[in-house]
Amino acid sequence: MLQRTEMTARKVALMRLVRFAGIISLDAGAVALSFFLAFDLRLQGALPPALNEALPVVVPTVIILSVIAFYVTGLYHRAWRYVSIGDLFFLTEAATLAVAMSFGTLLLIDGAPWLPASIPVIQWFVLIVLLGGMRVVRRVSREARTRFSKRGKILPVGKAAPAGLRRALLLGDPDWANMLIGALQRDASADMSIIGIMTHDGRDANLRLRGVPMLGSPELLEDIVDMLDQQGRRPNCLIVNQNDPMLIGPQMVKLVNKAEQLGLDVARAPDPAGLQHQRKGKIDLQFLNLTDLLDRQELKLDKTIVRETVYGCRIMVTGAGGTIGSELVRQLAAFGPDEIVLIDHAEYNLYAIDMEIREKFPDISIIAELCCIRQRDRIMQLFAQHRPELVFHAAALKHVPLVEGNPCAGVQTNVLGTRNVADAVRKYGARAMVQVSTDKAVNPVGMMGTTKRLGELYAQALDLEGAGEAGSARFMTVRFGNVLGSSGSLIPLFQRQLSRHGPLTVTHPDIERYFMTVQEAVQLILQSSTRALRGGVDHGRIFVLDMGKPIKIMDIAKRMIRLAGLEPDIDVEIRVVGLRPGEKLYEELFDQSEEQLPSALPGIFEARSNPVPLATLNEMFNQLDALARTGNDEAICSLSRAILDQVNDQVFGQLDESTHTATISAIKQAFNSRSGSSGHFQGAVQ
């Protein structure tokens with residue numbers, strides 16, 4: 001082994017010697033050529049007679065002294081296959097010293113009477129061109145070999161990437177982008193094609209750097225991704241400079257959040273100082289995603305059965321402008337429905353999703369209807385007009401403190417609005433309604449969770465009513481936890497607080513929640529609902545995503561600060577502010593009255609809960625409607641909770657008249673007990 005190592009070392013040393021001799025020979029040839037070219041350019045090919053006699057001494061002297069000058073200046077200690085503008089400036093210094101030494105020595109020897117004064121200047125210029133040209137040609141030939149090497153996987157940058165290679169956008173200073181592209185081209189294991197560059201100011205848009213188009217600023221990220229998508233070159237990831245001062249703190253979190261919504265991974269790459277010395281080896285990219293906050297793998301579900309169910313259908317989405325609703329519309333549109341009716345009461349949100357889907361999917365009929373689900377007559381009119389086959393009900397009031405302070409509004413939207421949509425589904429012959437619910441509906445302590453639970457019960461009752469009827473509509477509920485990045489949720493709150501340099505506020509050091517991405521949430525909705533429509537799922541079930549273990553909000557805050565490139569409690573404070581009204585310390589996925597069942601779908605559970613007769617719910621909802629109209633917050637809270645108390649205390653059997661009567665009596669008793677005296681049940685609604 002030792003002998004083999006010594007032989008290898010001798011072989012490497014011999015190769016280096018041969019290479020060094022070859023480089024010196026080329027440089028010596030360049031010196032000689034530049035010497036004669038200088039005289040040729042100056043004297044049109046005629047050498048002075050005195051020079052002809054002195055050539056055997058003059059030419060070797062010029063060559064030897066020039067090579068010595070090159071060696072002294074360190075010309076042979078630079079990796080010229082990576083020649084740059086800075087290296088060419090260095091080469092100019094070496095050529096200057098070589099010309100000065102050679103002609104200075106000749107003048108000292110005999111005064112060089114044959115030497116016109118302009119010859120050294122002309123040779124200096126020609127020598128720089130020859131030396132630089134040889135080195136540039138070497139780099140170009142090396143990059144060409146690497147670029148088209150089958151082993152190296154280096155692509156012609158700026159063009160579409162073959163299958164199996166990631167398409168990347170760069171964001172950063174042009175100098176850094178230039179170095180990174182060069183480093184990726186030198187990386188023999190590179191698996192990326194750079195298809196575009198963004199700069200923070202966007203001033204160089206419409207120019208090219210190393211053949212890669214410069215596309216604008218990060219504010220235009222969504223438009224840039226759409227443009228590349230239309231060209232068949234949609235990027236897979238976004239690469240940024242790990243030391244970019246423009247991407248420290250909330251800016252970085254905002255960028256990662258936006259990229260997450262567009263389906264892009266985000267990676268940090270080395271800074272220019274590190275790339276400058278990156279001669280070989282794999283570029284170290286640190287990938288970042290909001291899913292890193294989940295501390296688990298993002299769930300990916302099969303979309304085949306979704307496409308089979310959605311393709312060619314007429315679809316309606318309520319709350320279409322919200323976080324969940326808009327993502328539902330995006331994913332549904334990709335499966336080729338015939339028509340999508342968008343319903344929302346927020347004008348701008350409705351306008352934004354309407355324009356986005358029209359631009360991305362021009363072949364799909366998109367209808368935007370400005371409507372609140374509280375408007376029963378208007379909802380019925382829209383169903384009669386559009387006759388949707390599938391209805392996705394995402395409209396809701398979801399912010400815990402706001403609903404706690406406005407319980408009448410919560411009931412009108414989350415309970416009565418849900419009844420309006422569900423009744424329209426039943427009346428106008430839709431195939432199914434899918435209701436978006438929340439883990440806050442499980443054993444609720446606040447009014448937001450209570451109202452969402454009542455909506456679940458109504459959908460369950462309708463689904464059970466149609467269990468024995470062929471072709472009856474299905475009513476399904478999909479329940480999941482907090483959605484990362486949704487409007488008014490934890491991540492945007494932390495982003496705003498980071499933009500003010502903190503502190504980040506956490507309501508309790510031990511508070512924890514289930515989290516998921518909006519893409520996961522929508523995939524769950526589509527997968528579970530289409531699964532139920534294909535059969536094999538009992539009526540009255542609730543679908544629940546297996547979201548792993550709950551995560552402490554304190555941990556989310558710390559991870560988010562680190563994602564921003566900062567240190568918790570050093571750069572940014574985390575402050576505990578106390579639980580909000582209606583807020584639970586821990587969330588649950590299954591109610592105390594529910595039975596957890598396995599599902600045929602991976603990553604999804606089913607819940608079977610105590611049903612309530614539809615007649616009972618309608619009578620109670622009518623009472624809630626009357627209370628909401630009078631603005632009686634106290635009574636509406638008491639009645640809502642009395643209904644749920646009865647559900648938790650009693651397992652209903654057959655949904656018959658006797659069950660209905662007994663249930664109404666129990667709810668009245670519970671309501672009067674909460675109100676502090678008897679006889680209030682009817683009086684509260686008058």
Side-chain angles (χ1 to χ4, degrees), residues 309-310 313-322 324-325 328-329 332 337-346 350 353 365-397 409-437 451-452 454-467 469-478 525-526 529-530 532-533 539-540 612-622 624-625 628-629:
T309 304
V310 170
C313 283
R314 297 185 306 277
I315 296 173
M316 178 180 288
V317 180
T318 71
I324 295 293
L328 262 170
V329 174
L332 284 166
D338 183 61
E339 176 182 279
I340 305 180
V341 180
L342 314 176
I343 294 181
D344 206 296
H345 75 287
L350 182 62
I353 189 62
S365 175
I366 305 297
I367 303 169
E369 298 285 4
L370 195 62
C371 171
C372 179
I373 59 171
R374 299 180 185 180
Q375 300 170 278
R376 185 176 179 87
D377 292 342
R378 175 64 172 154
I379 288 293
M380 294 295 174
Q381 180 186 13
L382 293 178
F383 270 79
Q385 178 181 350
H386 299 295
R387 299 282 177 166
E389 298 171 80
L390 299 176
V391 178
F392 293 88
H393 177 46
L397 298 180
V411 165
Q412 287 174 322
T413 298
N414 296 350
V415 180
L416 304 176
T418 296
R419 181 171 69 165
N420 293 339
V421 175
D423 287 351
V425 167
R426 194 184 194 191
K427 180 176 180 180
Y428 291 100
R431 291 176 59 197
M433 167 182 146
V434 183
Q435 178 178 219
V436 177
S437 191
T451 56
K452 291 297 291 182
L454 291 173
E456 288 184 356
L457 289 172
Y458 195 78
Q460 180 192 36
L462 281 175
D463 199 38
L464 289 169
E465 280 274 317
E469 302 175 13
S472 62
R474 292 300 308 268
F475 294 86
M476 293 157 285
T477 295
V478 182
I525 294 168
L526 297 179
S529 58
T530 52
L533 285 173
H539 286 249
V612 180
L614 183 62
T616 303
L617 287 175
N618 271 316
E619 184 168 342
M620 293 301 97
F621 285 8
N622 290 338
L624 289 173
D625 188 12
R629 291 176 186 276

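Count residues from 1 along the sequence. It should be emphasised that the depicted structure is a prediction, and the values quoted were computed from it without experimental measurement.
The shortest distance between side-chain heavy atoms of Thr477 and Gln460 does not fall below 4.5 Å. Put simply, the side chain of Val391 reaches to within 4.5 Å of the side chain of Val421, judged on heavy atoms. Side-chain contact between Cys313 and Arg431 is present, with at least one heavy-atom pair separated by less than 4.5 Å. With contacts defined as side-chain heavy-atom distances shorter than 4.5 Å, the pair Asp423/Arg376 qualifies. The shortest side-chain heavy-atom distance between Tyr428 and His386 does not fall under the 4.5 Å cut-off. Taking 4.5 Å as the limit, some side-chain heavy atom of Leu533 sits within range of a side-chain heavy atom of Leu390. Two residues are said to be in side-chain contact when any heavy atoms from C-beta on lie closer than 4.5 Å; Leu416 and Phe621 meet this criterion. Put simply, the side chain of Asn618 reaches to within 4.5 Å of the side chain of Tyr458, judged on heavy atoms.
With hydrogens and angles ignored, the 3.5 Å screen pairs no side-chain donor or acceptor of Asp344 with any backbone N or O of Leu350. The closest donor-acceptor contact from the side chain of Asp463 to the backbone of Ala459 lies at 3.5 Å or more, if one exists at all. Looking only at distances, no side-chain donor or acceptor of Arg474 sits under 3.5 Å from a matching main-chain atom of Gly466. Looking only at distances, no side-chain donor or acceptor of Glu465 sits under 3.5 Å from a matching main-chain atom of Leu614. Ser437 places no side-chain N or O within donor-acceptor distance of the main-chain N or O of Val478, the cut-off being under 3.5 Å. A donor-acceptor pair under 3.5 Å is formed between the side chain of Asn414 and the backbone N or O of Leu397. A donor-acceptor pair is defined here as one N or O able to donate and one able to accept, closer than 3.5 Å; such a pair exists between the side chain of Ser529 and the backbone of Leu526.
The CD1 atom of Ile315 sits 4.5 Å away from atom CG of Leu332, with the distance rounded to the nearest 0.5 Å. One distance of note links CG of Leu464 with OG of Ser472; it measures 10.5 Å at 0.5 Å rounding. Distance check: Ile373 CD1 to His393 NE2 gives 4.0 Å after rounding to the nearest 0.5 Å. Note that CD1 of Ile343 and CD of Gln375 are 10.0 Å apart. Values are rounded to the nearest 0.5 Å. Taking OG1 of Thr318 as the start and CG of Leu328 as the end, the distance is 9.0 Å to the nearest 0.5 Å. In this structure, the separation between CD1 on Ile525 and CD on Gln435 is 10.5 Å, given to the nearest 0.5 Å.
Around CZ of Arg387, the count of heavy atoms belonging to other residues, nucleotides or ligands within 6.0 Å exceeds 12. Heavy atoms from other residues, nucleotides or ligands lying under 6.0 Å from NE2 of His345 number 12 at most.
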Report task. Determine, step by step, whether Phe392 and Val436 satisfy the side-chain contact (heavy atoms from CB on, under 4.5 Å) criterion, reporting the C-alpha distance in whole Å, the side-chain angles of both residues, the deciding distance to 0.1 Å, and the verdict. Result -> CA-CA 8 Å; Phe392 293 88; Val436 177; over 6 Å; no

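For the residue pair Asn420 and Arg378, no side-chain donor N or O sits within less than 3.5 Å of a side-chain acceptor on the partner.
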